[in-house]
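To keep things clear, I will list the structure first and then write my remarks on it.
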Amino acid sequence: MSKQIGILTSGGDTPGLNAAIRAIGKASIRKYGVNIIGFLDGFRGLMENRSIPLGSKALSGILTQGGTILGTSREKPYKMRVGSKIKNMTDAIVENYHRNHLDCLVCMGGGGTQKNAYHLVRHGLNVITLPKTIDNDVGMTDLTFGFDTALGIAVGAIDRLHSTAHSHHRIIVVEIMGHRAGWLALGAGVSGGADVILIPEIPYDINIVAESILERSRQGKSFSIVAVAEGAITLEGDQKIQNIKKQLEEVTKKKEKAQIKNELRALDKKYTGNTIFLAQQLEEITRLESKVTILGHLQRGGSPSAADRILATRLGTACAKYMNEEKYGNMVAVKGDKTNLVPLENVVGKLKLIPMNHPWLISAREVGTCLGD
Ligand code: F6P
């Protein structure tokens with residue numbers, strides 16, 4: 001009897017998801033004679049048993065399409081809204097997995113999805129994951145698909161902002177996605193020639209940023225581009241968050257922990273994503289007009305780049321092979337020009353931040369880019 005495989009896409013959509021669905025599907029059908037179905041809207045579709053067949057017709061013509069033909073959601077199997085309540089729906093998911101006679105479930109997503117997939121592995125399901133997110137912050141893989149496309153969009157935006165900033169002698173602060181990791185802001189900032197790059201990994205001092213802009217003015221450069229990750233944080237904010245994190249490590253009681261976690265969330269909200277305030281402060285200190293552009297979801301939209309199509313196709317076809325070999329419980333990771341398998345337990349909780357000795361950071365400093373420190 002042919003094997004039966006389920007696919008779902010979860011978390012924020014990413015260019016390249018359809019290319020990966022197509023690659024898994026085509027390789028599995030052509031090489032291994034497998035039947036494929038796709039669950040709609042992430043783990044919610046699996047919980048509600050909503051699926052579509054992914055035969056060769058459904059897999060045609062989707063390589064270049066952005067988004068995901070399956071739809072997505074940020075639902076967690078163990079914390080799902082059902083009516084007015086939040087419930088653990090793991091049992092329903094396990095039941096639907098068996099009801100569909102699945103041999104394996106493929107979950108494509110970022111860090112949260114890897115965690116949810118591992119949760120299902122611990123409940124006895126055969127799962128394989130692919131790493132996708134425009135943030136490029138999934139641990140244990142060199143790359144995630146979606147990043148290259150988003151990077152191209154962000155660089156294109158910085159290029160366009162340059163000419164208008166130059167003409168009006170302004171500061172333009174451009175907010176780039178990346179709440180925990182600054183890969184997109186750093187990559188776009190370096191390749192777009194931003195004068196200041198602010199990333200979550202390097203808490204910034206507003207006076208240092210302002211001084212670097214004033215120094216440009218003194219050199220006769222009347223405009224500046226500031227590329228800021230949505231998760232960039234001031235030194236002061238970071239200090240407060242670190243203190244609370246220490247407190248969290250020290251308490252043992254569940255109630256106290258929950259309280260501190262709430263405080264942490266509130267501080268995170270308060271001190272990150274303050275791009276408009278940042279621009280206002282720069283205007284006040286430098287007396288130069290400052291404007292803000294928030295790229296937002298533009299960065300996730302549209303057709304995948306050639307590099308993402310290739311990466312998603314490589315990962316998808318490797319996934320089909322690993323499923324045939326029954327290598328369940330793993331993420332298909334990128335290692336140089338190869339793919340390898342990383343056990344999901346080693347992926348969970350491993351956020352990939354920019355290391356302080358990363359070549360992109362070193363080069364940015366060497367060309368005189370201000371990093372706010
Ligand atoms: O998927 C990653 C990401 O695009 C982050 O860069 C961003 O912080 C977040 O998703 C936005 O999420 P949503 O689309 O749910 O608003």
Side-chain angles (χ1 to χ4, degrees), residues 8-20 41-45 66-68 70-76 79-81 107-117 129-139 141 143-158 173-189 197-201 227-233 237 241 264-265 267-276 278 292-305 308 311-312 315 331 347 349-354:
L8 63 81
T9 54
S10 172
D13 72 322
T14 291
L17 278 168
N18 291 325
D41 306 329
F43 293 101
R44 175 161 288 276
T68 158
L70 296 177
T72 185
S73 70
R74 294 196 183 275
E75 304 276 9
K76 302 175 176 71
K79 231 188 211 178
M80 236 181 235
R81 181 165 290 281
C107 304
M108 302 191 207
T113 304
Q114 307 301 326
K115 188 175 168 193
N116 293 331
T129 68
L130 296 194
K132 72 98 184 93
T133 159
I134 65 162
D135 294 349
N136 194 32
D137 61 357
V138 177
T141 179
L143 263 181
T144 59
F145 61 87
F147 175 65
D148 183 75
T149 310
L151 185 58
I153 295 168
V155 177
I158 293 181
V173 181
V174 51
E175 185 187 285
I176 295 169
M177 276 188 169
H179 202 81
R180 304 269 160 233
W183 294 102
L184 261 185
L186 180 62
I197 303 175
L198 304 177
I199 54 175
E201 291 89 338
V228 52
E230 60 183 345
I233 187 162
I241 287 181
L264 200 55
R265 265 191 288 273
L267 279 181
D268 191 60
K269 226 175 176 182
K270 181 169 173 195
Y271 285 105
T272 62
N274 288 327
T275 307
I276 293 173
L278 165 69
V292 174
T293 298
I294 296 178
L295 296 183
H297 292 82
L298 263 183
Q299 294 158 103
R300 292 217 312 244
S303 184
S305 66
D308 272 336
L311 181 59
L315 289 173
M331 176 178 81
V347 176
K350 300 265 169 46
L351 185 67
K352 189 178 71 187
L353 298 175
I354 302 172

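Quick caveat: nothing in here was measured; it's all calculated off a predicted structure. One-based numbering, in listed order, for ligands and for the atoms of each. Along the sequence shown, the residues carry numbers beginning at 1. Hydrogens, waters and symmetry mates play no part in the numbers below; they use all other heavy atoms, side chains included.
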Looking at every non-hydrogen atom in both residues, tell me the closest pair between [X] and [Y] and how far apart they are.
X: Gly139; Y: Val347; value: O-CG1, 4.1 Å
X: Phe147; Y: Ile134; value: CD1-O, 3.2 Å
X: Lys352; Y: Asn136; value: CE-O, 3.0 Å

Closer than 4.0 Å to some heavy atom of [X] - which atoms of ligand 1 meet that?
X: Glu230; answer: 5 (C), 6 (O), 7 (C), 8 (O)
X: Gly178; answer: 6 (O)
X: Asp135; answer: 2 (C), 3 (C), 5 (C), 6 (O)

**Residues Asp268 and Arg180 bridged, charged N to O under 4.0 Å** = yes
For [atom], what's the nearest protein heavy atom and its distance?
atom: atom 16 (O) of ligand 1; answer: His297 NE2, 3.3 Å
atom: atom 3 (C) of ligand 1; answer: Arg300 NH1, 3.5 Å
atom: atom 9 (C) of ligand 1; answer: Arg74 NH2, 3.6 Å

**Item:** Donor-acceptor contact below 3.5 Å, side chain Glu230 vs main chain Gly178
**Value:**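 Flag set: sc Glu230 to bb Gly178 pair under 3.5 Å.
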**Item:** Heavy atoms of other groups near Lys350 NZ, more than 12 under 6.0 Å
**Value:**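 Atom NZ in Lys350 is crowded, with more than 12 foreign heavy atoms closer than 6.0 Å.
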**Asked** Between Ile134 and ligand 1, which residue portion shows a heavy-atom distance shorter than 4.0 Å: side chain, backbone, both, or neither?
**Response**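 It is the side chain that gets close, since no backbone atom is under 4.0 Å.
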